[in-house]
Novice: 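Take a look at this one; I'll ask things after.
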Amino acid sequence: MTALAKSRPAFDVEALRVQFPILSREVNGKPLVYLDNAASAQKPEAVIEAVANVWRHSYANVHRGLHTLANEATEAFEASRGKVARLLNAPGPEHIVFTKGATEAINLVADSFGATLEQGDEVILSQMEHHSNIVPWHFLRERKGVVIKWIPVTEDGTLDMEAYEALFTRRTKFVSLVHMSNVLGTVNPARRLTEIAHANGAAILFDGTQAAVHMPVDVAGIGCDFYVFTGHKLYGPNGAGALYAAGDWLERLRPYQGGGEMIAEVSEDGVVYADVPHKFEAGTPAIADVIGLGAAIDWVQALDRTAALDHERALLDHAEAGLRDVDGLRLYGRSQDKGAIVSFTIDGAHPHDLAQLMDKYGVAVRAGHHCAHPLMKRYGVPGTVRASFAPYNTVAEVDAFIEALHKAKSFLI
Ligand SMILES: Cc1ncc(COP(=O)(O)O)c(C=O)c1O
C-alpha cells in the first residue's frame with residue numbers, strides 16, 4: 001500500500017446510508033439488504049428533495065415561457081444538460097439529448113442513423129448486449145434488410161477481440177456495444193473497440209447504462225460517436241436519461257420524433273427544425289426527472305468517487321470469495337476489468353426460487369435472463385442470480401446475502 005493510500009480516510013458508508021431513507025426499512029421482518037442496484041438504484045434525500053422542490057416551487061413547462069416559473073424550470077432543466085456533459089466529459093451541453101433512458105436513446109440512434117443505411121449494410125453487436133441494444137437493430141433488420149453480426153463472448157466473459165476485428169467488411173457501418181455488462185460486470189475496452197471501428201470506417205455507440213454508475217466515463221478519451229445512459233441507475237429518478245453524440249452527428253442525422261419543441265417553424269409545406277440538441281427532443285420532456293438527474297449527478301460528483309468505487313470493489317471481492325465456498329455454484333464473468341456485479345447459478349436450484357427464498361431474509365437480488373437472452377444462450381442457462389453493489393452497501397450486508405443464499409439452497413436441494 002502506498003503512503004498516499006494509507007493516509008486516505010476510510011470510506012464512511014454509514015454517513016452515506018443515512019442519506020437514503022429507504023435503506024432503513026425492513027422487509028419480512030429483517031433489515032433490507034438491497035443488492036438489486038443494477039436494475040435500479042435507490043435515491044438519496046438530495047434527489048428526492050430536488051424533484052419535490054420542482055413540483056412544490058418551480059414547476060412550469062420549459063423553454064417557451066415568458067414568466068418566472070417557466071424561466072426557473074428552463075434554467076434548472078438546461079443546467080442538468082451541462083451536468084450530464086461534465087459527467088461524461090463531453091465538449092458541451094449541445095452534444096447532449098435528453099431521453100426517457102438508455103432504451104429510448106438507442107432507439108433514437110438506430111432510427112436516425114438507421115435512416116442512412118441500405119439493404120446489406122452491417123451492424124456489429126455482441127453476445128453480451130442488453131435487449132435494448134438488440135431489438136432496435138432487429139427492427140432495422142426487418143425494415144431495411146440490415147445484417148446484424150455478433151462478437152462472441154469468451155468463457156470468462158470478455159469480448160473476443162480477434163473475432164471482432166474479423167467481422168468488418170466494407171459494408172460494416174455501425175458498431176453498438178455495452179461498455180459494462182449488466183450480467184457479467186465486464187468492462188469492455190471502449191477506446192480500443194472505437195479505434196478498430198473507426199479504422200474500418202464504422203461509427204460506434206456505447207451503452208453506458210452500467211458503466212456510468214461504476215466508473216468515471218470520458219467520451220472524449222474513448223473517442224466514440226455516441227454514448228447513452230439512464231438516470232435511475234445513477235441514483236436519479238426514472239424517466240430521464242441521455243444520449244451523447246460527438247462532432248456534428250446531431251446536425252447530420254434526421255430527427256427521431258416530430259412534434260412541439262423540436263421545430264423552428266412549421267408551415268403547410270414543411271418544417272424547419274430547431275437547433276441541436278432540441279431537434280431531437282419532441283414534446284414536453286420529463287421536466288422534474290431531468291432536474292432530478294442533475295441533482296443525482298451533483299450527488300455522485302460530491303462523493304469521493306475513488307473511495308466509493310474502491311468500496312464497491314471490496315464488496316465484490318468479498319461476495320465472490322463467499323460464493324466460491326458454495327457447492328455447485330458457477331460464477332459468470334471473470335474479467336480482470338470488472339464492475340461491482342456478480343452473476344451465478346447453483347446446480348439443481350432455479351434462480352427464481354433462490355431469489356424468492358432470499359427475499360424472506362430481506363435480501364433483494366435479481367434472478368432471470370436480465371434482458372440478455374443471447375448471453376444466457378451462450379452459457380446454456382435460462383437465467384442467473386445477480387447481486388449488484390452500490391457504495392451504500394456494507395460488508396455485513398454481503399455476509400447476510402451469503403448466509404441467506406446458503407439457507408435458500410439448503411431449502412431447495
Ligand atoms: C446494460 C443496460 N443497457 C440498457 C438498459 C436499459 O435501461 P433503461 O430501461 O433504463 O432504458 C439496462 C437496464 O437494465 C442495462 O443494464
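Any value given below was found using the heavy atoms of this structure, including those in side chains, with hydrogens, waters and symmetry copies removed. Just follow the structure's listing: the first ligand is 1, and inside any ligand the first atom is 1.
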Novice: Is there a donor in the side chain of H179 and an acceptor in the side chain of Q210, or the other way round, less than 3.5 Å apart?
Specialist: no

Novice: Please examine the side chains of V342 and L331, heavy atoms only from C-beta on, and report whether any two atoms are closer than 4.5 Å.
Specialist: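 Yes, their side chains come closer than 4.5 Å.
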
Novice: Taking the six-membered ring for Trp, are Y379 and Y332 ring centroids under 6.0 Å apart?
Specialist: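 Judged by ring-centre distance (under 6.0 Å), Y379 and Y332 do meet the cut-off.
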
Novice: Of all heavy-atom pairs between A367 and P351, which one has the smallest distance, and what is that distance?
Specialist: CB-O, 3.3 Å

Novice: Using modelled atom types and a 3.5 Å cut-off, is there a donor and acceptor pairing between side-chain atoms of R378 and backbone atoms of H373?
Specialist: no

Novice: Mind listing the N or O contacts between ligand 1 and protein, cut-off under 3.5 Å?
Specialist:
unit_1: ligand 1; atom_1: 3 (N); unit_2: D207; atom_2: OD1; d: 3.3
unit_1: ligand 1; atom_1: 3 (N); unit_2: D207; atom_2: OD2; d: 2.5
unit_1: ligand 1; atom_1: 3 (N); unit_2: T209; atom_2: OG1; d: 3.3
unit_1: ligand 1; atom_1: 10 (O); unit_2: T230; atom_2: OG1; d: 2.7
unit_1: ligand 1; atom_1: 10 (O); unit_2: H232; atom_2: NE2; d: 2.8
unit_1: ligand 1; atom_1: 11 (O); unit_2: A102; atom_2: N; d: 3.3
unit_1: ligand 1; atom_1: 11 (O); unit_2: T103; atom_2: N; d: 2.9
unit_1: ligand 1; atom_1: 11 (O); unit_2: T103; atom_2: OG1; d: 2.6
unit_1: ligand 1; atom_1: 14 (O); unit_2: H130; atom_2: NE2; d: 3.3
unit_1: ligand 1; atom_1: 14 (O); unit_2: K233; atom_2: NZ; d: 2.4
unit_1: ligand 1; atom_1: 16 (O); unit_2: Q210; atom_2: NE2; d: 2.9

Novice: Please tabulate, one pair per line, all N/O donor-acceptor pairs under 3.5 Å involving side-chain atoms of residues 405-413, not counting sequence neighbours.
Specialist:
unit_1: K407; atom_1: NZ; unit_2: E403; atom_2: OE2; d: 3.2
unit_1: S410; atom_1: OG; unit_2: H406; atom_2: O; d: 3.3
unit_1: S410; atom_1: OG; unit_2: K407; atom_2: O; d: 2.9

